[in-house]
Chemist: 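Take this structure first; my questions come after.
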Amino acid sequence: MNKARKIVSVLQELYPEAKCELNYRTPYELLIATMLSAQSTDKRVNIITKDLFASYNTPDKMVSLSEGELIELIRTIGFYNNKAKNILMTSHILLEKYGGEVPKTREELVKLPGVGRKTANVVISNAFGIPAFAVDTHVGRVTNRLGLTKSKNPNQIEIDVTSQLPKKLYTQAHHLFIFHGRKCCKAIRPLCDSCPLTVNCTYYKQNKQER
DNA sequence: AACTCGGGGCA
DNA sequence: TGCCCAGAGTT
């Protein structure tokens, strides 16, 4: 078992409940929730989408909203101008090009406005069961600290991590690294004292003498 | 690879 | 007031 798999198995024991914490019922809801989650938090997104999806949970219902109306519904999330514009444009494209369905490939998803590689990976892995390792700020920070990756480029981090794990673990590993990044391996003042991974951690070894 | 853009929430 | 927060797009 390589280092990456050992780390994942430790995290599996530490966070047996790790999963996508965005509330959604359909691929479309997950796509929209993930677009909303950029530079925000899952908790704030869930509060908003509870009301939003009650009335606007499909592309055809969504495009019945004006941009101003959608902005009012997502105002507390921040960056609402771009997000509202992208959600409406993406919904229009889903209707015109994909029969109102969410496409099932990363290549098609990233063509949608406001959908980057991270969001596309989240959607295909969680909604369609296609193995994908989504890299966000938490994931990159954690894998870099643990010495699994050395890049700041999310694409490179994705390549490096997936090369060390079996496809079957991609999706779960993503959620495990996020959980660890949020609960323990925080950007500021990480809780190294209660972390079971310090043995394998480059960051911990480098900062040990300063602690 | 580096840079810009973008805004509410919370300490 | 400053800084955080499940990124995307452009150069």
Side-chain angles (χ1 to χ4, degrees), chain A residues 11 15 17-24 27-53 67-68 70-91 93-94 102-103 106-128 130-145 149-162 170-191:
Chain A
L11 292 177
Y15 311 109
E17 77 283 14
K19 61 175 174 53
C20 180
E21 297 212 330
L22 295 170
N23 290 337
Y24 68 95
Y28 179 74
E29 289 188 0
L30 177 60
L31 173 63
I32 301 304
T34 309
M35 291 175 74
L36 288 170
S37 73
Q39 302 297 306
S40 188
T41 67
D42 55 343
K43 288 179 182 169
R44 270 195 269 168
V45 172
N46 286 338
I47 291 171
I48 285 173
T49 54
K50 188 183 177 193
D51 291 333
L52 181 66
F53 293 158
E67 196 174 315
L70 181 52
I71 286 174
E72 279 313 305
L73 292 173
I74 66 174
R75 178 169 287 285
T76 61
I77 206 107
F79 305 133
Y80 43 74
N81 283 310
N82 283 332
K83 288 176 182 175
K85 200 165 298 185
N86 287 331
I87 286 170
L88 291 176
M89 284 180 61
T90 284
S91 297
I93 294 172
L94 293 185
V102 177
R106 176 165 41 219
E107 290 68 29
E108 293 300 316
L109 281 165
V110 295
K111 291 178 187 171
L112 300 168
V115 179
R117 191 175 179 91
K118 185 263 178 180
T119 297
N121 279 340
V122 166
V123 170
I124 62 172
S125 61
N126 289 288
F128 301 131
I130 298 169
F133 187 76
V135 178
D136 64 14
T137 54
H138 291 304
V139 172
R141 179 180 69 254
V142 173
T143 58
N144 274 341
R145 284 180 176 173
T149 57
K150 293 178 180 172
S151 175
K152 295 183 75 172
N153 183 327
N155 292 337
Q156 189 60 46
I157 291 173
E158 181 183 333
I159 291 170
D160 291 342
V161 172
T162 52
Y170 289 177
T171 304
Q172 190 190 15
H174 159 75
H175 292 122
L176 289 169
F177 284 125
I178 288 207
F179 264 59
H180 191 56
R182 292 169 66 185
K183 296 175 189 299
C184 179
C185 194
K186 302 193 285 188
I188 312 236
R189 280 192 266 284
L191 311 178

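What you are looking at is a predicted structure, and each value in this text was computed from that prediction instead of being measured. A, B, ... follow the sequence lines: proteins, then strands. Residue 1 opens every chain.
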Chemist: How far does the P atom of B:dG6 sit from the matching atom of C:dT11, given to the nearest Å?
Modeler: 15 Å
Chemist: For A:L112, which of A:V102, A:L94, A:V123 qualifies under side chain to side chain contact (heavy atoms under 4.5 Å, CB included)?
Modeler: A:L94
Chemist: Do NZ/NE/NH1/NH2 and the carboxylate oxygens of A:E158 and A:R117 come within less than 4.0 Å?
Modeler: yes
Chemist: If I take atom NZ in residue A:K152 and atom P in nucleotide B:dT4, what distance separates them, rounded to the nearest angstrom?
Modeler: 13 Å
Chemist: If we only count heavy atoms from C-beta on, is the A:I74 to A:K83 side-chain gap below 4.5 Å?
Modeler: yes
Chemist: For A:E72 and B:dG7, give me the distance from atom CD to atom P, rounded to whole Å.
Modeler: 14 Å
Chemist: Respond yes when some side-chain nitrogen or oxygen of A:N81 is under 4.0 Å from OP1 or OP2 of B:dG6, and no when none is.
Modeler: no
Chemist: Taking only the P atom of each, what is the distance from B:dC5 to C:dA6 in whole angstrom?
Modeler: 24 Å
Chemist: Just how far, in rounded Å, is P of B:dG8 from CG of A:N82?
Modeler: 13 Å
Chemist: Would you mind reading off the distance between A:K43 atom NZ and B:dC10 atom C1', rounded to a whole angstrom?
Modeler: 13 Å
Chemist: Starting at CD1 of A:I74 and ending at C1' of B:dG8, how long is that distance when rounded to a whole Å?
Modeler: 12 Å
Chemist: Are A:D136 and A:R141 within salt-bridge range, i.e. N to O under 4.0 Å?
Modeler: no
Chemist: Looking only at atom types and distance, does a side-chain atom of A:N144 sit under 3.5 Å from a main-chain N or O of A:K152, one as donor and one as acceptor?
Modeler: no
Chemist: Using a 4.0 Å heavy-atom cut-off to protein, can you give one letter per nucleotide of nucleotides 2-11 of chain C, 5' to 3': B if the base is in contact, S if only the sugar-phosphate is, - if neither?
Modeler: --SBBBSS--
Chemist: With respect to the phosphate group of B:dG8, does any side-chain polar atom (N or O) of A:Y80 fall under 4.0 Å of OP1 or OP2?
Modeler: yes
Chemist: Under the criterion side chain to side chain contact (heavy atoms under 4.5 Å, CB included), which of A:T119, A:D42, A:V45 is the partner of A:T34?
Modeler: A:T119
